[in-house]
Each structure stands twice: as structure tokens, then as C-alpha cells.
Amino acid sequence: KNNLKYQMNPDWRFIAKANFSQSKSSLGDLFDGDFTEVVLGYGYRPIDHDRLNTLFKYTYFYNVPFGDPITDPLTGQLTGSTSPSDFIQKSEILSLDLIYDLTENWSLGGKYAHRSGEVALDRENLDFIQSRANLYILRADWHFMHRWDALLEARLLELPDAEDQRSGALLGIYRHIGNNVKFGIGYNFTDFSDDLTDLDFDSQGLFINLVGKI
């Protein structure tokens, strides 16, 4: 695992991340696995107008989960939600996040992300199918008390290859702990994640979040 942050000038920051994993098993090729995640990004926050924050990212994601999540879930590769990873996935994702402080109490923002990729369900017959997606998010933040924030997001996910479209909202409330940490709890009314590498529609429900900031 590797991470890099570099401040190019007072307004611009460059970020990079590279994670690699490879597994080999004596049980055979079915239990081998590969994982690659490379992220390149630019953050922009002009010091002369620091109400604006933007982040542009490019992500390359390749995942061949080891094990068989159906016949052998105990040894199969798990995702961050501790559920088996079902898909062989090759994806490239472009995303743009921005947020603007309207006042001391209100901020408005949004996100757009596009995934261009392929997925396969059978690792023995690698029959890849196209998997494109467009994600749109509108966001409002309200700082309503000294150490309390509220969050509202409207979300839309377009899946042109599946001829599907999903939409909904996300609500959250956060408590600041000191100057650099805030803790939040909320509810996602949609079944999809804002992470377009997550192909499972199992994100609906209660969540907790811990955020550190510089």
C-alpha cells in the first residue's frame, strides 16, 4: 500500500494511491487472486477564495477475488463490508467533487462520477460484459449548532448497459470532536454506494462515519 500527497502551490494539491495484492493457493488457480487500485487526483482550494473546495480523481481498479464466494464463502475474498466479492472487475473511474461555503452555516456541493469498465461472473470462462455507470449527487450541509452539522444528499445512479436507473436520498448528522475529528450517524435510503467500484446493491440502511480533517 502506498500513498502520496504533494502541495504543488498554495492552491493545488496532488494526491496518489497505489494498492496491490496477489495471492497464490496450493488448491489451484481457482483460489488465486489479484487486486490493483491506482488513484491519481488533484485538489483545488484557492487561498484567495477558500470557500471553494474541489477534488478531481482518476481511479484504475482491477479485482480478481480469490476463492469461490458461493461454494466456499469462508475462504473467498471479502470486501470492506465483510461480504464476499462476487465479480471479476476491470474499471476506470473519473470523478469530480466540489463544495462551496455559502455562509458560515450553509454549504452546497455535488459530485459527478463516471465508470467505464467490464465485469465477469465466471473466472474459468472470462466472458466480460460492459459495465458503465454515471453517478450524480447534490449535497447540502448545515452547521446548525456550535459542534453539530447536518447533511442531506440527493442521489441518482444511471446504468446504461443494464437500462436501469436508481435514485434516493441520504441523511446524516455529525458531531465535532475537537478541531480535527467528527463523528456521524445517518441513513442511506438508496441501495447503492457513492463508490463506483462497489457493484453490490446492498448499501441501504444505517451507517456510522468517522472523519478526520487537517
Side-chain angles (χ1 to χ4, degrees), residues 5 11-15 17 37 39-59 61 79-81 91-117 132-160 164-214:
K5 292 183 180 181
D11 294 338
W12 288 90
R13 288 171 174 80
F14 172 77
I15 63 171
K17 178 173 69 172
E37 182 184 32
V39 178
L40 301 174
Y42 285 96
Y44 177 60
R45 187 182 188 187
I47 59 173
D48 294 331
H49 193 68
D50 62 1
R51 291 185 175 187
L52 175 67
N53 283 275
T54 63
L55 177 63
F56 174 78
K57 288 196 307 182
Y58 164 80
T59 301
F61 187 83
T79 66
S81 60
S91 293
E92 292 183 273
I93 299 168
L94 294 174
S95 65
L96 175 64
D97 292 79
L98 61 88
I99 190 164
Y100 186 82
D101 297 331
L102 294 174
T103 67
E104 291 184 358
N105 300 100
W106 285 96
S107 299
L108 292 179
K111 176 176 182 174
Y112 170 73
H114 171 76
R115 182 184 72 226
S116 176
R132 295 174 296 166
N134 293 296
L135 174 68
Y136 306 88
I137 296 178
L138 292 177
R139 167 177 177 161
D141 291 82
W142 178 32
H143 182 64
F144 62 94
M145 290 180 63
H146 175 55
R147 291 190 174 274
W148 290 91
D149 295 337
L151 165 68
L152 171 63
E153 289 185 354
R155 296 180 164 193
L156 172 65
L157 179 67
E158 292 181 341
L159 303 166
D164 190 15
Q165 182 174 288
R166 301 167 184 242
S167 62
L170 179 144
L171 299 173
I173 186 168
Y174 287 83
R175 162 74 176 178
H176 291 261
I177 304 171
N179 296 321
N180 302 103
V181 177
K182 62 179 182 179
F183 173 81
I185 186 170
Y187 196 90
N188 184 5
F189 292 91
T190 68
D191 58 4
F192 57 88
S193 169
D194 62 351
D195 177 4
L196 289 184
T197 66
D198 184 353
L199 303 181
D200 297 310
F201 297 104
D202 57 1
S203 297
Q204 184 173 354
L206 191 71
F207 68 87
I208 58 174
N209 196 13
L210 186 66
V211 180
K213 57 182 181 177
I214 300 175

query = Are there more than 12 heavy atoms of other residues, nucleotides or ligands under 6.0 Å from atom CG of Leu206?
reply = yes
ask   = For atom NZ of Lys57, is the number of surrounding heavy atoms from other residues, nucleotides or ligands below 6.0 Å larger than 12?
value = no
Tell me, do [X] and [Y] make a side-chain contact under 4.5 Å, heavy atoms counted?
{"X": "Val181", "Y": "Leu210", "value": "yes"}
{"X": "Ile137", "Y": "Leu170", "value": "no"}
{"X": "Leu135", "Y": "Leu196", "value": "yes"}
{"X": "Ser203", "Y": "Phe201", "value": "no"}
{"X": "Leu40", "Y": "Phe14", "value": "yes"}
{"X": "Asp149", "Y": "Leu151", "value": "no"}
{"X": "Leu138", "Y": "Lys111", "value": "no"}
{"X": "Glu158", "Y": "Tyr136", "value": "yes"}

Between [X] and [Y], do the side chains contain an N or O donor and an N or O acceptor separated by less than 3.5 Å?
{"X": "Asn105", "Y": "His143", "answer": "no"}
{"X": "His49", "Y": "Tyr100", "answer": "yes"}
{"X": "Ser193", "Y": "Asp195", "answer": "no"}
{"X": "Asp101", "Y": "Ser107", "answer": "yes"}
{"X": "Tyr112", "Y": "Asp97", "answer": "no"}

Nearest 0.5 Å, what's the [atom1]-[atom2] distance between [X] and [Y]?
{"X": "Asn209", "Y": "Ile173", "atom1": "CG", "atom2": "CD1", "value": "13.5 Å"}
{"X": "Arg132", "Y": "Glu92", "atom1": "CZ", "atom2": "CD", "value": "14.0 Å"}
{"X": "Ile208", "Y": "Tyr174", "atom1": "CD1", "atom2": "OH", "value": "10.5 Å"}
{"X": "Ile93", "Y": "Arg115", "atom1": "CD1", "atom2": "CZ", "value": "6.5 Å"}
{"X": "Leu157", "Y": "Thr190", "atom1": "CG", "atom2": "OG1", "value": "8.5 Å"}

query = Given Phe192 and Arg155, is the side chain to side chain contact (heavy atoms under 4.5 Å, CB included) satisfied, shown in steps?
reply = CA-CA 9 Å; Phe192 57 88; Arg155 296 180 164 193; 3.8 Å; yes
For the student: nearest non-hydrogen atoms of [X] and [Y], plus distance:
{"X": "His176", "Y": "Trp148", "value": "CD2-N, 4.3 Å"}
{"X": "Phe207", "Y": "Tyr187", "value": "CE2-N, 3.3 Å"}
{"X": "Leu159", "Y": "Ala133", "value": "CD2-CB, 3.7 Å"}
{"X": "Leu156", "Y": "Ser167", "value": "CD1-CB, 3.9 Å"}
{"X": "Ala169", "Y": "Asn188", "value": "O-OD1, 3.8 Å"}

ask   = Who pairs with Asp198 by side-chain hydrogen bond (donor to acceptor under 3.5 Å, both in side chains), at least two apart in sequence or on another chain?
value = none
task = Using side-chain hydrogen bond (donor to acceptor under 3.5 Å, both in side chains) as the criterion, list what pairs up with Asp141, not counting sequence neighbours.
result = Arg139
key: Short side-chain to backbone donor-acceptor contact, Ser91 and Thr197, under 3.5 Å   = no
query = Hey, does the side chain of Asp200 reach the backbone of Asp202 with a donor-acceptor pair shorter than 3.5 angstrom?
reply = no
key: Axial cation check for Tyr42 ring with Arg13, 6.0 Å and 45° limits   = no
task = Answer yes when Asp11 and Arg45 have at least one side-chain N-carboxylate O distance shorter than 4.0 Å, and no when they do not.
result = no
query = Mind checking whether Trp106 and Trp142 have parallel, tilted or perpendicular rings, split at 30° and 60°?
reply = parallel
